[in-house]
Amino acid sequence: MEVKFNLNGLDVVYHVKPGEYLLDSLRANGVKSVKKGCNASACGACTVLVDGKPTLSCSVLTASIEGKKVMTVESIQEEAAELSEYFAKEGADQCGYCSASLALVVHALKEENPHPTRQEITDYLVGNLCRCTGLQSQGNAVEKYLGGKK
Amino acid sequence: MKVNEYVRAASLKEAYSLKKSSPKNKILGGGLWLKKGNGEVDKLIDLSRLGLDQIKEEKDYVSVGAMVTQRAFETSLIIKKIGGGVLSDAVHQIMGPAFRNSATIGGSVYGKYGFSDVITALLGFKVDLVFYPEEVVSLDEYVKKPGFADGILTEVRIYKSSAKSFFKKVKMTALDYPILNVCVTKDKDYRIVVGSRPLVAYLCEGAMKYLNEGGKDVDQAVELATQELKLGDSMSAKGEYRSHLARVYLKRALEEVK
């Protein structure tokens, strides 16, 4: 079937199977920044933004995003690069597998709640697992990033 | 799960007609448990264009459309007013925001999942389920009846309440399924709910009757509740451990809301 949506500002048409998941469609079309982790709605590595909201692409059918706006990390490259400096400084980055999804989640958090408390940061990041560093250092990095401190 | 055809329903009438036409045709809720199922769906019916994603405040109840996401539900100021915000708190503890941005309230309720935090929390209140074409069933009845409704769940009606409320989800890690969940509310009457038994949530009617008829002894109420509860084993915990947890948290809950 044909699915039309907006990907990172460009209107695209994907030809997919009715039961195909967005993660697989994106990767099949060359968007490899979206990672396949658990493939079971648990790790968050596949997170993209659908109409601005963090969404697990491993668990959303591509057919269901007809007419919607999908953002991957390619659309926030400068912001992701800036955030990665905070991550590096706090030791919150190692293998990088979760980094793209985390950058998107932090972007969504900033849009939704520009001045979050530490608890709100933790609650927002909790669905994105990092097996290298854990959420503590990432929380520190995001807190400083959103607070504007290096 | 293999899906042969994806249909974006233009009306509830069309969706219902498709659902009725074959047992292999299924309604799509949030879709998060779809891939965990085996077998084949002939037509997967998408309700997302039917305006079922609204939360509205009516005179006596709050109307929650079946396609309202868990995230929209937990952040709704209307929902936060019910029972001191216990429903928001309960849903907030489910996975991360990306999960809750897809999972729907209708899907969570309709599926009668044993691990559901949504059902346990909602059972703490008077709730009606509205099915298309024309059936209204209380949530209390729905979870007791075997099987699933024939109609399409369109709305969850939560009757307004300023009950003192307690909700506890016992889990091993932040993103885990509950080992047990407990919701106790006290408005005019007590409502005592234990879920993830690992079966679907259960209203402890014996203990409720005791308290609602004037019983004052919390230990006696806990004893009655644990006697009527059927708690089983699962990969995460044995029934014996669940029974211990139920005693601890029911006592804590009853002392908190009394």
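So that the names make sense, note that chain A is the first sequence line, chain B the second, and so on, each numbered from 1.
The part of A:Leu129 that comes within reach of chain B is its side chain, from C-beta onward, which places non-hydrogen atoms under 4.5 angstrom from that chain. Proximity to chain B involves both the backbone and the side chain of A:Val126, based on heavy atoms less than 4.5 angstrom apart. Neither the backbone nor the side chain of A:Ala108 comes within contact range of chain B, judged by heavy atoms closer than 4.5 Å. Interface residue A:Leu56: backbone and side-chain heavy atoms are both found under 4.5 Å from chain B. Of the atoms belonging to B:Leu32, heavy atoms from both backbone and side chain fall under 4.5 Å from chain A.
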Enumerate, by atom name, each donor-acceptor pair separated by under 3.5 Å where one atom lies in chain A and the other in chain B.
| unit_1 | atom_1 | unit_2 | atom_2 | d |
| --- | --- | --- | --- | --- |
| A:Tyr21 | OH | B:Lys35 | N | 3.4 |
| A:Asn39 | O | B:Lys35 | NZ | 3.3 |
| A:Asn39 | OD1 | B:Lys35 | NZ | 2.9 |
| A:Pro54 | O | B:Asn101 | ND2 | 2.9 |
| A:Cys58 | O | B:Lys35 | NZ | 2.5 |
| A:Ala63 | O | B:Arg8 | NH2 | 2.8 |
| A:Glu112 | OE2 | B:Arg71 | NH2 | 2.5 |
| A:Asp123 | OD2 | B:His92 | NE2 | 2.9 |

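Each of B:Gly30, B:Gly96, B:Ala98 has some count of heavy-atom pairs under 4.5 Å with chain A, and the biggest count is that of B:Ala98. Each of B:Leu28, B:Leu44, B:Val3 has some count of heavy-atom pairs under 4.5 Å with chain A, and the biggest count is that of B:Val3.
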